[in-house]
Amino acid sequence: MTHRQFIETAGARLDYQLLQPEGSTGPTLVLLHEGLGSLELWKDFPAQLAEHCGSPVLIYSRQGYGRSSPVRLPRPLDYLSVAGPDELGRVLDSLALEQVVLLGHSDGASIALAYAARQDPRVRGVVVLAPHVDVEQASVEGVRHTVNAYARGDLRERLRAYHGENLDGAFRGWSETWLNPAFAAWNLHQALPRIQVPLLAIQGRDDEFATPAQLQTIAHEVGGDCQTVLLDDCRHFPQNQARERVLGLVAGFMAKLPR
């Protein structure tokens, strides 16, 4: 069963979808999209995830993305560690979810880690794909490359299909923050030791927005059980570029969570 509707929370209207396969049990997987993502840009990954894991899956577009309410710019420099997690907490409250596993990609991975550090007892585990826990030069160069593609190529029109009137706000809110020199000081180093739930961190070896140092930092600094996986022949989108491997890793992680 699939529900697609909106949450009204804190002055924002958020587009969400809840997948509930027949017979699904256990915690709800809550998907947190990347910096240019949205509910629809996950495409068929959430449905395949629900099937492989036998779990409900929640997907939503954060404020300023997809069909959700627009966001005021500029975004605060701590939007990944404060505004994003605050919004996630309101979503969990609005839908009265009692047990969840957070699954975030890129920016969404940072939000998932920051929220897990708050030690909400509803969070039973965390999966992060292509995570950022600090700002690397590779990240900045990757954003600059994307800005050039947005200005000169067809990226703008491809993204318009998913963001509509939110397009410029979504792109500028992401790119202008990451390229702000003051954002270089942002990190999650103080948050990571407070993560006590099981964690699975996955990255592509050829990630064009980060180096494997992100996984090394996570493994060294988190407070709970942690598994890191560096995937060959994979870049910044493991859920697309290494789909079957990621589905298997997440299903295995879910199966081992304490009940």
Side-chain angles (χ1 to χ4, degrees), residues 3-19 26-42 45-46 49 55-72 75-133 166 170 173-174 177 186-188 190-192 194-201 218 222 224 239 250 254 257:
H3 302 286
R4 175 83 180 264
Q5 48 193 316
F6 291 88
I7 305 169
E8 302 284 347
T9 174
R13 190 169 186 255
L14 304 182
D15 183 21
Y16 82 94
Q17 185 175 34
L18 182 60
L19 307 180
T28 298
L29 274 158
V30 179
L31 271 57
L32 298 154
H33 62 74
E34 46 105 1
L36 295 179
S38 69
L39 185 161
E40 292 180 333
L41 269 165
W42 286 105
F45 178 68
L49 194 62
S55 304
V57 175
L58 171 69
I59 322 104
Y60 70 97
S61 293
R62 297 194 296 275
Q63 186 176 1
Y65 295 96
R67 295 197 293 173
S68 293
S69 299
V71 69
R72 181 178 297 178
R75 284 189 179 274
L77 297 183
D78 59 2
Y79 80 104
L80 294 176
S81 46
V82 178
D86 285 351
E87 180 183 68
L88 171 57
R90 292 192 293 269
V91 169
L92 300 184
D93 291 343
S94 295
L95 295 177
L97 297 178
E98 296 180 355
Q99 295 186 56
V100 300
V101 171
L102 306 179
L103 189 155
H105 171 233
S106 193
D107 271 22
S110 302
I111 292 170
L113 292 169
Y115 192 84
R118 298 183 178 189
Q119 299 184 349
D120 183 337
R122 293 174 292 189
V123 177
R124 305 301 302 275
V126 184
V127 179
V128 289
L129 309 175
H132 299 288
V133 296
N166 272 330
W174 169 74
T177 302
W186 173 85
N187 65 74
L188 292 176
Q190 291 186 344
L192 292 176
R194 297 197 298 271
I195 299 176
Q196 301 295 322
V197 295
L199 171 64
L200 169 63
I218 290 170
V222 294
Q239 69 271 28
V250 177
M254 294 288 287
L257 286 178

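With a 4.5 Å cut-off on side-chain heavy atoms, L95 and L18 do not count as touching. By the 4.5 Å heavy-atom criterion applied to side chains, L29 and M254 are counted as neighbours. Side-chain atoms of V197 and L257, non-hydrogen and from C-beta on, never get closer than 4.5 Å to each other. Within the 4.5 Å cutoff, no side-chain heavy atoms of V82 are placed close to those of P76. Using a 4.5 Å cut-off on side-chain heavy atoms (C-beta onward), R62 and Y60 make contact. Residues L14 and R90 have side chains not in contact (no heavy-atom distance under 4.5 Å, counting atoms from C-beta outward).
Nearest heavy atom pair, residue P131 against residue A109, reads CA-CB, 3.7 Å. Between D15 and S68, the shortest heavy-atom distance links the atoms N-OG, 2.9 Å. Nearest heavy-atom pair across G66 and N166 is O-ND2, 3.1 Å. Taking every heavy atom of both residues into account, P198 and R124 meet most closely at CD-O, 3.5 Å. Here the closest non-hydrogen pair linking V126 and A112 is CG1-CB, 4.1 Å. Across A170 and L36, no two heavy atoms sit closer than the pair O-CD2, 4.2 Å.
N187 CG to H132 NE2: the interatomic distance, rounded to the nearest 0.5 Å, is 14.0 Å. Between the CD atom in E40 and the OG atom in S61 there is a gap of 7.0 Å [rounded to 0.5 Å]. One distance of note links CG of L19 with CD1 of I59; it measures 4.0 Å at 0.5 Å rounding. The CD atom of Q99 sits 8.5 Å away from the OG1 atom of T28 when rounded to the nearest 0.5 Å. Here the straight-line distance linking atom OG of S69 with atom CD of E8 works out to 7.0 Å at 0.5 Å rounding. Here S81 contributes atom OG and Q190 contributes atom CD; the two are 10.5 Å apart, rounded to the nearest 0.5 Å.
In this view, T177 and R75, L77, Y79, F183 satisfy the side chain to side chain contact (heavy atoms under 4.5 Å, CB included) rule, not counting sequence neighbours. Partners of R122 under the side chain to side chain contact (heavy atoms under 4.5 Å, CB included) rule, at least two apart in sequence or in another chain, are L92, D93, Y115, D120.
Each of V91, V30, L58 was compared with V100 under the side-chain contact (heavy atoms from CB on, under 4.5 Å) criterion, and only V30 meets it.
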Next item on the list: Start with the C-alpha distance between L41 and Y65, add both sets of side-chain angles, then the distance that settles side chain to side chain contact (heavy atoms under 4.5 Å, CB included), and finish with yes or no.
Entry: CA-CA 11 Å; L41 269 165; Y65 295 96; over 6 Å; no
Notebook entry, point to check: Yes or no on side chain to side chain contact (heavy atoms under 4.5 Å, CB included) for S106 and W174, after CA distance, side-chain angles and deciding distance?
Noted result: CA-CA 12 Å; S106 193; W174 169 74; 5.8 Å; no
Check: Step by step, would you call I111 with H33 a side chain to side chain contact (heavy atoms under 4.5 Å, CB included)?
Finding: CA-CA 10 Å; I111 292 170; H33 62 74; over 6 Å; no
Checklist line | Criterion side chain to side chain contact (heavy atoms under 4.5 Å, CB included) on L113 and L199, from CA distance to verdict | finding: CA-CA 9 Å; L113 292 169; L199 171 64; 4.0 Å; yes
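Using modelled atom types, no side-chain atom of Q239 and backbone atom of L129 make a donor-acceptor pair closer than 3.5 Å.
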